[in-house]
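No hydrogens, no waters, no symmetry mates; every other heavy atom, side chains included, goes into these values. The chains referred to below are lettered A, B, ... by the order of the sequence lines, with proteins before strands, and numbering in each begins at 1.
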Amino acid sequence: MKSKQEFGGLRAFTKRSEFSVLIGLMVIFIVMSFASPYFLKLNNIMNVLQQISRYGIISVGMALIMITGGIDLSVGYTVALSACMAAHLTTNVKMAWPAVFLVVLLMGAVIGLVNGLLVTKVKLWPFIVTLATSKIISGCVLLLTSGMPIHIESPLCWLGSGYVGPVPVSVIMMFLVIIGGSIFASMTQTGRNIYAIGNNERAAALSGIRVERTKTLVYVICGILCAFCGIVVAGNLNSADAGLGAGYETDVIAAVVIGGVSMSGGEGSIWGALIGAMIIGILKNAFILLKVSSYWQSVVIGLVIIAAVTIDRIRTVRKAK
Amino acid sequence: MEQQIIYSIQHVTKEFPGVKALSDISIDVRRGEILAVVGENGAGKSTLMNILSGAYAPTSGTITFEGQELTSLTPERAQHLGIAMIHQELSLSNALNLAENIFEGRLPKNSIGLVDRRKLYQESKRLLEEVGLPNLDPRTLVRDINVSQQQMVEIAKALSLNAKFLILDEPTSSLTVSEAEYLHEIMRRLKSKGITMLYISHKLDEILAISDRIVVFRDGRLITTMETAATQINDMVSSMVGREYSAGYTRAHYKNDYATAEPILKVSNLNVGKKVKNVDFTLYKGELLGITGLVGAGRSEVLQAVFGADPRQSGEIEIEGQKCRIRHPSDAIARGLALVPEGRKLQSLFLKFSVKENITLVAMKQVLNRCGLLKPRKEYEFADSFSKRLRVKTPSLDQKIVNLSGGNQQKAVIARWLANQPKILFLDEPTQGIDIGAKNEIYEIIDEMIRQGASVIMVSSEMQETISLCDRVLVMYEGEISGELYHKDATEKNIVTLMSGQALPVSAS
């Protein structure tokens with residue numbers, strides 16, 4: 001009986017959308033290891049993981065938002081503002097590092113709260129709300145930095161540039177965030193509520209779920225994770241400037257979509273989002289190792305997104321039959 | 001002298017897979033008359049209208065308009081012939097102005113192909129005057145006028161198409177009394193111009209006031225045709241009822257100890273917008289209370305408002321003698337209430353969830369460990385026990401619920417609420433759209449819950465289940481409770497009388 005159930009579990013897993021994405025990741029991985037002698041070098045693997053960690057951390061927040069049926073276009077500039085704020089508070093205000101850490105995370109939470117309240121209380125479209133807030137935030141970054149990079153020396157930089165043995169601290173942080181996010185999404189009442197909201201908001205409310213509160217919460221979580229990511233990036237470079245987070249939103253949304261979160265909400269997983277982030281990270285690395293013009297990079301990532309959603313689409317249509 | 005026939009319907013039958021919606025209907029509509037069509041929910045009125053306006057093709061039988069037999073009528077062709085239908089749900093575009101709506105798709109053009117605004121507004125002004133709206137500027141946006149005016153604009157649109165035959169589907173259902181009178185005024189004016197009208201309404205007194213003849217439908221059959229002048233409300237009610245029921249589900253015991261019954265839920269002075277007006281009622285412990293009435297009478301709104309799902313203007317709720325503040329469904333759930341809403345896909349199913357997840361959502365706390373984390377095995381066993389208890393037929397609990405039949409989906413939704421052990425259960429159209437076998441299973445489940453001490457309110461449009469299941473029935477009419485019937489008095493005739501807004505003869509109550 002027990003083995004039968006586990007067998008069913010494995011079969012169920014192969015039917016999930018994460019499975020085909022995982023296969024895709026493995027194929028890219030194997031092809032790359034033959035195509036480039038450098039790819040499998042420990043150095044390169046760690047380097048790729050470190051790149052991935054930035055998207056990986058934010059993709060947890062983005063996945064939660066997209067599971068509720070929303071989207072957040074302000075993540076890139078929130079990362080930039082957080083990095084610059086961390087550098088500014090450390091270097092110019094001379095604030096102690098624990099205070100810097102808390103203030104920056106709090107700022108991220110407030111940005112998420114504003115996004116969330118505009119979406120739930122004023123009932124605006126998430127796309128428009130976060131497009132507008134991303135504009136506001138990008139202006140704030142320029143106002144804060146006057147367009148100049150700010151140097152940062154702080155124990156906080158360890159998060160972005162430290163190592164534990166051969167493993168970068170930021171990679172460990174990413175896995176901690178992914179594990180935490182995954183437990184939250186799949187094993188808690190609030191996590192289940194998030195999926196329920198993405199499935200059917202009216203039914204969720206009638207089941208006693210505080211829909212507005214829960215939706216606001218996911219934007220706040222995403223804001224905090226962006227702020228954390230900003231500290232990691234600033235720490236990695238020992239410097240922060242207004243251009244830091246440029247394009248993160250598209251890469252993160254791509255990762256989440258490739259990982260099997262439906263744009264209409266209600267399904268997908270945190271691990272899927274991580275796999276999506278890995279696919280994007282390895283593809284970016286591949287262009288460097290294979291010495292292909294980086295202009296092709298955008299083209300290929302666009303094609304991968306189309307392929308991923310097409311596969312997902314075919315699967316849902318087939319299921320519906 | 002025999003009046004001229006404009007639209008003749010001969011032996012029309014319409015079948016849908018598994019249902020005979022109309023059987024062998026023959027009606028001759030006379031030119032220039034107002035013919036009223038009455039019948040209970042699901043008697044076949046809307047199917048008839050859809051056939052006459054070209055939306056459905058009859059399975060057999062012929063329809064002849066102005067002497068011309070129509071073999072493949074489409075809505076476009078019907079429009080061309082001068083047949084127009086005014087739907088209950090108005091179909092105007094809110095963001096366009098009145099003139100643009102009236103001439104939608106047919107805007108007058110000038111010599112270089114641009115819209116001829118002057119002609120558009122002149123023509124529209126003339127049409128608006130014809131439907132009694134001379135003071136409205138045709139440039140007003142539709143969203144800025146009220147519902148009754150919108151209805152007139154729909155009629156103006158039909159007139160602009162030279163309609164000779166108007167089908168009005170419950171046009172007064174969202175109008176106030178004076179607005180309805182105004183509509184009738186316009187209808188008389190149109191009649192004097194020779195326009196024929198088919199008037200569908202649930203409001204029997206209105207029908208007496210406006211129509212020339214009445215046809216009564218029941219179960220897809222035409223029961224009788226009456227001259228209005230020689231008809232009384234009672235005659236209409238008698239022909240609307242009288243359906244023969246196959247032996248339905250009966251419970252072993254019906255509550256009769258009302259003298260000593262203990263109230264569990266008391267609702268007083270409930271008001272929800274225009275939909276629910278000053279509703280007071282009490283639910284007793286261990287009772288199955290039915291709420292019935294026509295669609296739109298405010299039945300679901302009562303449940304949703306008590307449950308905290310919709311804001312209410314006023315209303316006090318007492319549960320077991322204690323006043324409660326219920327502002328959100330979560331408050332209601334904390335007080336031991338449960339609501340299985342109508343419209344499974346819209347309001348209760350999580351289609352991308354498995355059967356298991358659909359069952360455990362509300363009572364999930366019971367399968368969490370001390371840190372608030374899910375115990376997957378416990379969740380499986382918990383869902384399994386409720387799915388077995390309610391006999392949900394599914395290949396596995398991990399099956400997506402979208403793949404189950406309607407009856408099994410509904411059982412899973414009921415399981416979701418039973419899992420939370422509610423004291424008071426609200427069921428809104430619990431057997432809507434499910435097959436007869438599953439219906440009987442749901443009746444058994446309801447009966448069993450009551451025997452185990454739950455108190456239930458069931459909103460239903462189905463006469464049979466209301467009559468055969470409920471200990472007591474509240475009938476609603478236009479947002480108010482128009483009457484209360486105990487099981488022994490809950491006959492079809494009494495219910496139909498109350499739900500048409502008429503008082504019961506003294507002897508019946």
Side-chain angles (χ1 to χ4, degrees), chain A residues 1-2 4-17 67-69 179-180 182-214 260-262 264-269 312 315-316 318-321, chain B residues 303-304 307-310 327-335 337-354 356-358 360-369 371-377 379-380 395-403 413 416-417 420 426 428:
Chain A
M1 182 66 206
K2 194 182 167 196
K4 198 176 165 192
Q5 227 174 341
E6 276 166 2
F7 179 60
L10 184 64
R11 267 235 317 246
F13 179 67
T14 61
K15 280 187 187 161
R16 291 178 58 163
S17 53
I67 288 168
T68 67
I179 291 168
S182 182
I183 290 174
F184 173 68
S186 63
M187 302 198 40
T188 68
Q189 173 92 57
T190 310
R192 185 68 64 82
N193 291 353
I194 289 170
Y195 283 90
I197 290 169
N199 254 280
N200 186 338
E201 239 181 89
R202 176 74 182 165
L206 287 177
S207 302
I209 295 170
R210 297 277 185 174
V211 173
E212 293 184 356
R213 224 177 268 179
T214 310
V261 175
S262 142
S264 58
E267 60 187 343
S269 73
D312 189 49
R315 199 204 325 269
T316 23
R318 202 182 293 159
K319 253 190 227 163
K321 285 177 188 167
Chain B
L303 294 191
Q304 300 247 0
F307 198 66
D310 285 328
R327 297 184 153 180
H328 186 270
S330 57
D331 301 331
I333 292 167
R335 298 283 184 168
L337 264 62
L339 168 68
V340 176
E342 76 172 327
R344 279 187 296 283
K345 288 217 164 117
L346 286 178
Q347 300 207 77
S348 60
L349 289 179
F350 299 99
L351 290 175
K352 292 172 181 168
F353 272 8
S354 65
K356 176 183 74 184
E357 289 162 331
N358 266 288
T360 52
L361 186 72
V362 173
M364 196 171 163
K365 274 192 196 68
Q366 298 180 40
V367 295
L368 300 179
N369 66 18
C371 314
L373 294 182
L374 184 76
K375 295 194 269 184
R377 180 155 288 255
E379 183 187 22
Y380 184 90
S396 104
L397 285 175
D398 292 317
Q399 180 72 250
K400 290 265 163 75
I401 197 149
V402 66
N403 297 324
V413 173
R416 176 195 302 163
W417 288 103
N420 207 39
F426 294 169
D428 195 351

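- With a 4.5 Å cut-off on non-hydrogen atoms, Phe184(A) does not touch chain B at all.
- Only the side chain of Gln304(B) comes within contact range of chain A, with heavy atoms under 4.5 Å apart.
- Atom CD1 in Ile333(B) sits 8.5 Å away from atom CG in Leu206(A) (nearest 0.5 Å).
- Closest heavy-atom contact between Ser330(B) and Gly208(A): CB-O, 3.3 Å.
- The greatest number of non-hydrogen atom pairs below 4.5 Å with chain A, out of Val362(B), Val402(B), Leu373(B), Asn420(B), is found for Leu373(B).
- Looking at Phe350(B), the atoms closer than 4.5 Å to chain A (heavy atoms on both sides) sit in the backbone and in the side chain alike.
- For the pair Lys352(B)/Asn200(A), no side-chain contact is recorded, criterion being any heavy-atom separation below 4.5 Å from C-beta on.
- The side chain to side chain donor-acceptor pair (under 3.5 Å) test applied to Gln366(B) returns no partner, not counting sequence neighbours.
- Only the side chain of Thr360(B) has a heavy atom closer than 4.5 Å to any heavy atom of chain A.
- A 4.5 Å side-chain heavy-atom check between Arg192(A) and Glu379(B) finds at least one atom pair inside the cut-off.
- When all heavy atoms of Ala205(A) and His328(B) are compared, the pair lying nearest together is O-CE1, 4.2 Å.
- When all heavy atoms of Ala309(B) and Arg202(A) are compared, the pair lying nearest together is O-NH1, 3.8 Å.
- For residues 339-350 of chain B, no pair satisfies salt bridge (charged side-chain N to carboxylate O under 4.0 Å, His left out), with sequence neighbours left out.
- Remark: Met364(B) CE to Thr188(A) OG1 distance equals 6.5 Å, nearest 0.5 Å.
- Heavy-atom distances place the side chain of Ser262(A), and not its backbone, under 4.5 Å from chain B.
- Atom CZ of Arg327(B) has 12 or fewer neighbouring heavy atoms from other residues, nucleotides or ligands inside a 6.0 Å radius.
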